Amino acid sequence: RLQVEEYGISERSKISKMMQRVLLTGAVGCGKGTIAKKVVEHFDGFAYFCAGDVIRQHISNGSEFGKRASSFLKAGEHVPENLVNEVLLTEVQRLRDTHLVLDGFPRTLAQLTAVESTVPVSLCVELDVPRKVIEERLSKRLVHVASGRTYNLDYNPPRVPGKDDVTGEPLERRVDDTDEAIRRRMEVYKKTESKVAAAYRDAGVGLTIKGDSSDKIWPVVRAQIEAVLEQRRTAKSG
């Protein structure tokens with residue numbers, strides 16, 4: 001069992017009188033991005049921070065960090081912490097004064113400690129989706145690399161096949177969506193990111209939601225966030 005105090009998760013995360021931050025975690029392809037967008041659309045004042053989008057933007061821009069990070073993503077590995085932490089912390093701290101949905105950060109216990117010292121998480125939701133469903137989803141996922149817009153040939157297809165709806169530019173399969181990279185990323189999740197979810201569960205601010213579609217998972221996530229916001233309102237009025 002993880003020792004919660006070791007990672008700096010305190011009671012303030014349960015009923016924060018400041019900003020609410022919801023961490024979405026789960027294996028590749030579990031629907032974190034889809035759920036995050038529903039949170040932003042449904043609840044006022046929430047911004048969306050996606051670690052993967054930040055990294056992919058650096059790769060697209062050809063930054064030095066992006067060049068170094070690209071090789072790890074292609075292999076299905078997480079970008080090493082000594083390379084990525086400063087970049088992601090800097091970006092997420094810019095959003096510290098707003099309600100926030102975090103997708104893909106923190107992913108390790110060391111990152112958890114850094115996040116809790118600056119932008120503590122109010123609720124961690126782990127999405128548990130069957131592997132067969134994930135593999136089917138990723139086989140049909142296309143992205144517009146420059147913007148990060150994501151499509152699925154089944155439930156969110158582009159209006160023109162193979163073209164981005166906004167720019168008309170070509171869509172691509174993500175470099176980390178190869179079969180081997182997907183298998184590796186699932187293994188990495190079990191070894192690292194799942195421990196973050198366990199730490200938040202131990203602290204009483206985390207839960208796991210099982211389902212095979214975002215339509216089934218979303219009502220549960222919405223209810224949990226509503227409960228956290230209600231706790232916040234109660235704490236402020238008290």
Side-chain angles (χ1 to χ4, degrees), residues 1-2 4 7-16 18-54 78 88 92 95-96 98-109 111-116 118-131 133-134 137-138 150 185-186 188-233:
R1 185 179 177 84
L2 296 168
V4 172
Y7 307 107
I9 305 174
S10 65
E11 289 296 312
R12 66 183 175 175
S13 293
K14 291 186 180 180
I15 305 175
S16 172
M18 298 185 292
M19 295 302 157
Q20 300 302 313
R21 303 178 183 96
V22 177
L23 169 64
L24 298 178
T25 184
V28 54
C30 68
K32 296 186 294 291
T34 299
I35 296 297
K37 290 173 184 175
K38 288 180 179 293
V39 173
V40 172
E41 291 170 359
H42 185 80
F43 294 99
D44 292 335
F46 272 86
Y48 175 41
F49 177 85
C50 177
D53 286 351
V54 172
H78 286 165
L88 296 182
V92 80
L95 299 169
R96 65 187 306 163
T98 185
H99 297 315
L100 190 59
V101 183
L102 295 161
D103 174 355
F105 185 72
R107 267 194 166 127
T108 69
L109 295 176
Q111 290 176 350
L112 184 157
T113 301
V115 166
E116 285 298 311
T118 55
V119 285
V121 168
S122 311
L123 175 67
C124 172
V125 179
E126 181 182 37
L127 308 181
D128 186 356
V129 176
R131 180 165 182 160
V133 174
I134 288 176
R137 285 179 183 176
L138 297 184
T150 302
R185 287 165 71 191
M186 288 182 172
V188 170
Y189 177 81
K190 291 180 181 179
K191 292 179 180 178
T192 58
E193 199 169 348
S194 63
K195 294 180 180 179
V196 171
Y200 281 116
R201 284 196 301 271
D202 286 349
V205 293
L207 73 157
T208 299
I209 302 174
K210 296 185 177 183
D212 58 9
S213 74
S214 295
D215 287 341
K216 294 179 181 178
I217 289 173
W218 164 240
V220 184
V221 175
R222 183 183 63 213
Q224 291 295 325
I225 296 175
E226 287 172 346
V228 169
L229 293 176
E230 180 58 31
Q231 286 180 319
R232 177 176 180 267
R233 284 190 289 267

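In what follows, every heavy atom counts, from backbone to side chain, and hydrogens, waters and symmetry copies are set aside. Remember, it's a predicted structure, so these values are computed and weren't measured experimentally.
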Heavy-atom closest pair, residues Asp212 and Val133:
O-CG1, 3.6 Å
Distance-only polar pair, side chains of Arg201 and Thr208, donor-acceptor under 3.5 Å:
yes
Are side-chain N/O atoms of Glu126 and Thr25 paired as donor and acceptor at under 3.5 Å?
no
Measure from the side-chain N and O atoms of Lys210 to the backbone N and O of Val129, and report whether any donor-acceptor pair falls under 3.5 Å.
no
Closest heavy-atom contact between Arg222 and Phe43?
O-CZ, 3.7 Å
With a 4.5 Å cut-off on side-chain heavy atoms, are Val119 and Leu100 touching?
no
Contacts of Asp103 that satisfy salt bridge (Lys or Arg N to Asp or Glu O under 4.0 Å) - sequence neighbours left out:
none
Gly45 backbone acceptor or donor facing His99 side chain under 3.5 Å
no
Examine distances only and state if a side-chain atom of Arg137 and a backbone atom of Cys30 form a donor-acceptor pair shorter than 3.5 Å.
yes
Donor-acceptor contact below 3.5 Å, side chain Arg21 vs main chain Pro120
yes
Quick one: does any side-chain atom of Arg185 pair with a main-chain N or O of Gly29 as donor and acceptor, under 3.5 Å?
no
Looking at every heavy atom in both Cys124 and Ala197, which two are closest together, and how far apart are they?
SG-CA, 4.1 Å
Minimum heavy-atom separation for Ala36 and Leu24, please, with both atom names.
N-CD1, 3.6 Å
